Amino acid sequence: MIIFEYKKMKQQTEKELIWIYESHNDVRYGLKGKLIKQEKTPFQEIKIIESKRYGKGLLLDNAWMTTEKQEKQYHECLVHPAICGAKDLNKVLIIGGGDGGTARECLKYKQIKNLDMVEIDIRVIELSKQYLPSLGDKAWNDSRLNIKIKNAIEWIKQAKNNYYDVIIVDGADPKGPAKQLFDINFLKDCKRVLKSGGIFATQSESPESFREIHIEIIQTLRKVFDYADPLYGSVPIYPSGWWSWTFASDEKPRYLSPKKERVLEISAQCEIWSTRWQQGAFNTIPAFIERVLKS
Ligand code: SPD
């Protein structure tokens, strides 16, 4: 009898589960789960979901941003190559990053005195704090974090020259409110605001499912900075699962040489990133991308 009841309950719960997916170029990337919150803001549609496999997750305009059990594969790879390579490390700027994962990784470094985050949509922050608290974790209460609810494209135009040691763009795909975060004029503003010896980092889409956009991001960054190189990793929930982050700097590719004392400070806290992983990940540039970039 008990077994029968249990089976019935299990079937009932299974029935409540739906497929939640991002669809891109006729391919679906999805999870079986429940939709627990859906909201339209002036900027985008936000969805929070809950899945058995990867925990809770966040979608913006039906594109995956993060899930609790895959987020380290994204945030560690975006943050540590930039932070470990920069000449100095006092002031850091995050553009976007409203779920808090990028801020959490940055604030692991005691040397950082000030972390500014410019996010356009306050609801992304509020809903992430409520439903995905492990993403931002202690960062939300860290006095070094200053949140500015602003359009970064406008905000950066009035930002001081030569001010930040590291700038990290943690935006969505280049459409909707995030489109201009990949524009050359915005990137030139970032360079102006970056201190000499600083590092710029951005998520740079998939070399497979966003191939042209991915190549264009690197080419644009190479027009703005002396050096820009992509690093490749895996975020299974994103289109194709094959993802990239691109780092840029002047004078030399500083992101290729992590500073020992910072590596020592961070290594034990990382699940994916290590200096060995980073070296390999910069070297896994696919042959066809290398050819296009050289031509
Ligand atoms: N297609 C997904 C691109 C996601 C980029 N940002 C994710 C936000 C995580 N902090």
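Order of listing sets the numbers, starting from 1, for every ligand and every atom in it. Just so it is clear, the model here is predicted, and its values are computed rather than measured. Note that the numbering runs from 1 along the sequence shown for the chain.
- A salt bridge links R222 with D229: the distance from a Lys NZ or Arg NE/NH1/NH2 to an Asp or Glu carboxylate oxygen falls below 4.0 Å.
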Would you tabulate the side-chain donor-acceptor contacts of residues 87-96 under 3.5 Å, counting partners in other chains and residues two or more places apart, or write 'none'?
none

Show me the side-chain donor-acceptor pairs of residues 288-295 shorter than 3.5 Å, one per line, residues at least two apart or across chains.
residue, atom, partner, partner atom, Å
S295, OG, V292, O, 2.8

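- If you look at ligand 1, the protein residues with a non-hydrogen atom under 4.0 Å away are W64, M65, Y74, H75, D99, D170, G171, D173, Q203, Y238, W243.
- More than 12 heavy atoms of other residues, nucleotides or ligands sit less than 6.0 Å from atom NZ of K108.
- Judged by distance alone, the side chain of T202 and the main-chain N or O of S204 form no donor-acceptor pair under 3.5 Å.
- Considering only residues two or more places apart in sequence or on other chains, A178 meets the side-chain contact (heavy atoms from CB on, under 4.5 Å) condition with A172, L181.
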